[in-house]
Amino acid sequence: MKYDFTAIEQKWQNRWEEQKLYCATTGSDKPKFYGLIEFPYPSGAGLHVGHARPYTAMDVIARKKRMQGYNVLFPMGYDAFGLPTENYAIKNHIHPRIVTENNVKVFRSQLKALGYSFDWDREINTTDPGYMKWTQWIFLQLYKNGLAYKAKMPVNWCTSCKCVLANEEVVDNVCERCGSPVVRREKSQWMLRITRYADRLIDDLDDVDYIERVKIQQRNWIGRSTGAEVNFAATTGDVITVYTTRPDTLFGATYMVLSPEHALVEKWMPQLTNAEEVQKYQAEAAAKSDFERSELNKDKTGVELKGVRAINPVNGKEIPIFISDYVLSTYGTGAIMAVPAHDTRDWDFAKAFDLPIIEVVGGGNVQEEAFTDVETGIMVNSDFLNGMEVAQAKEAIIAWLEEKGIGHSKVNYKLRDWVFSRQRYWGEPIPIVYCDKCGEQPLNESDLPLLLPDVESYEPTDDGESPLAPMTDWVNCTCPKCGGPARRETDTMPQWAGSSWYFLRYMDPHNEDALASKEALEYWSPVDWYNGGMEHTTLHLLYSRFWHKFLYDIGVVPTKEPYAKRTSHGMILGEGGEKMSKSRGNVINPTDIINAYGSDTMRTYIVFIGDFEKACSWSSDAVKGCKRFLDKVWNLSENVVPGEEYSPENETLIHKTIKKVTEDIDSLKGNTALAQLMTLVNQFSGGCNRAEFRTLLQLLSPFAPHICDELWEVHGFEGICSVSQWPVYDENKCRDALVDIAIQINGKFKGTMQLAADLPQEDVIAAAAANETVLRNVEKIGGKIVKTIVVPNKLVNVIVK
RNA sequence: GCGAGAGUGCUGGAACAGGUAGACAGGCACGUUUGAGGUGCGUGUGUCGAACGGCGUGUGGGUUCGAGUCCCAUCUCUCGCACCA
């Protein structure tokens, strides 16, 4: 019989779907397992191998869990709002909804062709009105709880997308998505107060099982630092508040620096003797992009504010005040006290402007370089702090500042509030209206979802207005409070909105009265295992944790954290180790591989390709190797003899294999699990019995489910392989009766000897002493055996002197 | 600059908790099956050497009976952050 993978795969995919074999049941008594992967953005290019890697890995886990008796929720959906769809729609004059529908169709058929065990009854799409309704509902709750607010502020504006971006979407001052330059614009924007959750987003990382680099990256992004705010008096009578993490070095503050945008600079302008020079510097700084500002970070520039001085509150000394663009207006208070002796940047500036450097922490040579070590230093030149260690001095000075009422301890974050407005058409409209009488008003929940107007044209505008703004039929509405005339908010939500809670919708996707029922949320929460890309660590992953915590606070969800475990996959590179890209022409289309070798081969290769967490390059030859392996399994099927028990010559290897496959799948090492299965199949090359073949099919089933279900049926085993009960192993049967013991002479490997397993140590030593290899080497060295080290069942090391 | 991770055959990659480095696969070579083969099967394949044997996990040290694995130093690469006071 021929291995007709196309027919077999089609047959089983149909059967799985008809029988709803992989559908999850809320409330089942079985233990639950919720495995999640990031749902795709249905782009016009279709599914690529980058999707297939994490999807296949989680499918293998889900399939194994199911066979182990878990009630498995493994869902799929589409994150379908977004710019590429909108741009494509504009260019080709098709409505984005149609574009989305077409793309989703392609994605769905590709996903099905890969044989994933998704619960297709729970498929979701973020652009469905029934889904959008709850995205908008969550926004209203955020609004009502003071976490969504409108603010006029400088924002990142992508010159190509003609749209505002969140800080997280700007990489090296270009748009993360399209690579076009990002400029600053002053705009009124909807913001989400993610900063209110900064502490919990850091602290609760201790309670979840995320791979370490994800935790580190999130902590760094939130960027919590503890220090103090200190008030300096200016000679004008104004107060300059600074933020510092080193209040202990206050005695070493020899000048101050304000950011060029600091409000006091404007206030003081009339009394500055060098106002012109100051204004020129401000103008230069404003003209520079953030990129240029940080590019030029080698040489410190700045201008002294002549005519104003500050007083160091600890010693009453007058010190000069500068403006410089190395002080950021957006962090802390936009002003610093400069301690050149103990801060590298201040040191550079002091050298450039010839300012005094006063050592206040001993241990370095501050005339040569800034001494920033906080572990070893002892305070000097600091009055009542002298002799203390840095940590001690921090506490003492903060106490002193608080007592005098001129400072207090303070925690700062790099994290900023989330810019939530986008000036595009293809997103969820923000459910707010503006009434002349009542002002800003949220829509009534009963009026959700607020749908997009169905129009012909929705080109982005250059003036920063949403394309929805000119659609007066839609914009003009009535005020939900007074019923008078009102106008709708015309900005839409970012793509991150729908994906911030989608994992909850899977739990109860058709619910019309709530985002999901209490029962479903209680039963399925939290997601047990979430795998996704590192690129989402400070975007989607952080955003969704924020939303989830908020939903927890208002009693909607039962857990503080959405995901119990997070892992991440490496990229699949092209054949030569280069990134796959259209321009290089090295993109692998999963459909081509499926057509040529079958989905089981594709799946097997994707798992076998290498370490899941590392980048791997695609190899067309190695794909064939996996096809060969499945061919061998297929051919083995014709050499299966009767036998309901494992035969003695295969028993140990089978138990070992069950053990290895079971453990390796759980630790994302499908590559070595498959290697072990290949070893087993190689051992079976002459044939195997029914019991052995049955176990092989079960172990291979998570990786190559179609061929296994088919052969299972061909051999008349009961039920369906992919939902049969996972085989168990006996630890005692995982060991060979005879073992090869390595022989080392003085630590060098010389050969092996075969002994019975678990022999007492004395017997092993005796066997070694009598061993030919040992005797020969002892003689050669011309010494005596002084010691023998035995590692049970592994090795003996004979020390000869 | 700071933080994280990684350097193993011709290639992708294995190696539990320090215990036979190179599993498994690809490629290549030879043989064989075949009318033919981008088929199947078999054998070989780290390196030097005819062999005995020696040498081998980026580099240099160290700890240990024993190091790819641990420690110190150093080089290279990848990723993340980047004037965050």
Side-chain angles (χ1 to χ4, degrees), chain A residues 171-172 211-221 223-225 227 242-247 249 257 259 290 293-298 300 324-328 330-339 342-346 348-349 412-416 534-535 537-538 570-571 575 577 604-605 608-611 613-626 628-629 631-632 635 660 663 669 671-679 681-682 685 740-752 776 780 786-801:
Chain A
V171 178
D172 291 336
I211 50 170
E212 203 53 31
R213 55 201 171 116
V214 168
K215 289 190 182 185
I216 289 167
Q217 235 170 277
Q218 289 208 344
R219 284 195 196 105
N220 289 346
W221 185 261
R224 179 163 65 189
S225 72
V242 302
Y243 173 71
T244 176
T245 55
R246 295 294 305 276
T249 61
V257 187
S259 69
D290 286 0
R293 276 201 188 189
S294 55
E295 239 343 52
L296 300 167
N297 69 11
K298 289 281 183 288
K300 294 281 181 284
S324 172
D325 62 6
Y326 84 89
V327 173
L328 309 174
T330 46
Y331 184 77
T333 61
I336 62 157
M337 65 176 207
V339 185
H342 305 291
D343 180 281
T344 321
R345 295 149 302 176
D346 297 346
D348 291 343
F349 190 86
N412 249 320
Y413 305 90
K414 289 190 209 173
L415 184 71
R416 307 291 150 70
M534 282 307 288
E535 71 275 17
T537 302
T538 55
M571 234 195 298
E575 199 101 17
T604 305
Y605 176 61
F608 191 63
I609 192 167
D611 187 330
E613 295 208 3
K614 286 195 213 140
C616 291
S617 34
W618 185 269
S619 157
S620 303
D621 284 328
V623 178
K624 289 179 206 158
C626 289
R628 250 172 246 162
F629 166 61
D631 283 338
K632 277 189 200 171
N635 295 332
K660 181 134 186 77
E663 291 173 352
K669 290 181 161 184
N671 52 336
T672 49
L674 279 169
Q676 181 72 23
L677 285 167
M678 288 171 180
T679 307
V681 171
N682 289 343
S685 61
D740 285 325
I741 305 277
I743 300 169
Q744 288 186 354
I745 305 294
N746 294 339
K748 292 249 177 213
F749 173 74
K750 295 291 175 186
T752 59
R776 198 176 61 235
K780 203 172 138 193
V786 294
K787 196 177 169 189
T788 306
I789 292 153
V790 177
V791 180
N793 296 330
K794 280 257 165 84
L795 129 175
V796 285
N797 187 7
V798 182
I799 312 302
V800 182
K801 272 185 182 160

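Here is how names work: the chains are called A, B, and so on, in the same order as the sequence lines, proteins then strands, and each is numbered from 1. Keep in mind the model is a prediction, meaning the values are calculated, not measured.
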key: Stepwise side-chain hydrogen bond (donor to acceptor under 3.5 Å, both in side chains) test for A/Ser259 and A/Tyr331   = CA-CA 10 Å; A/Ser259 69; A/Tyr331 184 77; over 6 Å; no
Name the nucleic acid region contacted by [X], choosing base, sugar-phosphate or nothing; use a 4.0 angstrom heavy-atom cut-off, strictly under.
{"X": "A/Asn797", "value": "base"}
{"X": "A/Ile609", "value": "sugar-phosphate"}
{"X": "A/Asn412", "value": "nothing"}
{"X": "A/Ile799", "value": "sugar-phosphate"}
{"X": "A/Thr752", "value": "base"}
{"X": "A/Ala615", "value": "sugar-phosphate"}
{"X": "A/Asp346", "value": "nothing"}
{"X": "A/Ser225", "value": "sugar-phosphate"}
{"X": "A/Phe608", "value": "base"}
{"X": "A/Gly332", "value": "nothing"}
{"X": "A/Lys787", "value": "nothing"}
{"X": "A/Gln744", "value": "base"}

Short side-chain N/O contact from [X] to OP1 or OP2 of [N], under 4.0 Å:
{"X": "A/Lys669", "N": "B/A15", "answer": "yes"}
{"X": "A/Asn220", "N": "B/A82", "answer": "no"}
{"X": "A/Asn671", "N": "B/A14", "answer": "yes"}
{"X": "A/Lys632", "N": "B/C24", "answer": "no"}
{"X": "A/Thr672", "N": "B/G13", "answer": "no"}
{"X": "A/Arg776", "N": "B/G53", "answer": "yes"}

ask   = Want to settle it: does A/Phe749 or A/Thr244 sit nearer the 5' end of RNA chain B, counting the closest nucleotide to each?
value = A/Phe749
note = When A/Leu795 and A/Arg628 are each assigned the nearest nucleotide of RNA chain B, the 5'-most assignment goes to A/Leu795
For nucleotides [N] and [M], find the distance between their [atom1] atoms and express it as a whole number of Å.
{"N": "B/G18", "M": "B/C24", "atom1": "P", "result": "25 Å"}
{"N": "B/U76", "M": "B/U59", "atom1": "C1'", "result": "10 Å"}
{"N": "B/U69", "M": "B/G58", "atom1": "C1'", "result": "16 Å"}
{"N": "B/G27", "M": "B/G38", "atom1": "C1'", "result": "14 Å"}

inquiry  = Both conditions, 6.0 Å and 45 degrees, for the charged tip of A/Lys300 above the ring of A/Phe349: are they met here?
reply    = no
request  = May I have the distance from A/Arg246 (atom CZ) to B/C83 (atom P), rounded to whole angstrom?
outcome  = 20 Å
Closest approach to the side chain of [X], judged atom by atom: which nucleotide of [options] is it?
{"X": "A/Ile789", "options": "B/C65, B/G38, B/G26", "answer": "B/C65"}
{"X": "A/Tyr326", "options": "B/C83, B/G19, B/G80", "answer": "B/C83"}
{"X": "A/Ala742", "options": "B/U20, B/C81, B/A85", "answer": "B/U20"}
{"X": "A/Thr679", "options": "B/A85, B/G19, B/C24", "answer": "B/C24"}
{"X": "A/Asp611", "options": "B/C83, B/C65, B/A14", "answer": "B/A14"}

query = If you take atom types as modelled and just measure distance, does the side chain of A/Lys300 reach the base of B/C83 with a donor-acceptor pair under 3.5 Å?
reply = yes
inquiry  = I'd like to know if A/Asp621 pairs up with A/Lys624 as an ion pair, taking the criterion as any Lys NZ or Arg NE/NH1/NH2 lying under 4.0 Å from an Asp or Glu carboxylate oxygen.
reply    = yes
query = With no hydrogens and no angle check, do the side chains of A/Asn682 and A/Lys632 hold a donor and an acceptor under 3.5 Å apart?
reply = yes
task = Please assess A/Glu613 against A/Ile211 for the test side-chain contact (heavy atoms from CB on, under 4.5 Å), listing each intermediate value before the final yes or no.
result = CA-CA 10 Å; A/Glu613 295 208 3; A/Ile211 50 170; 3.8 Å; yes
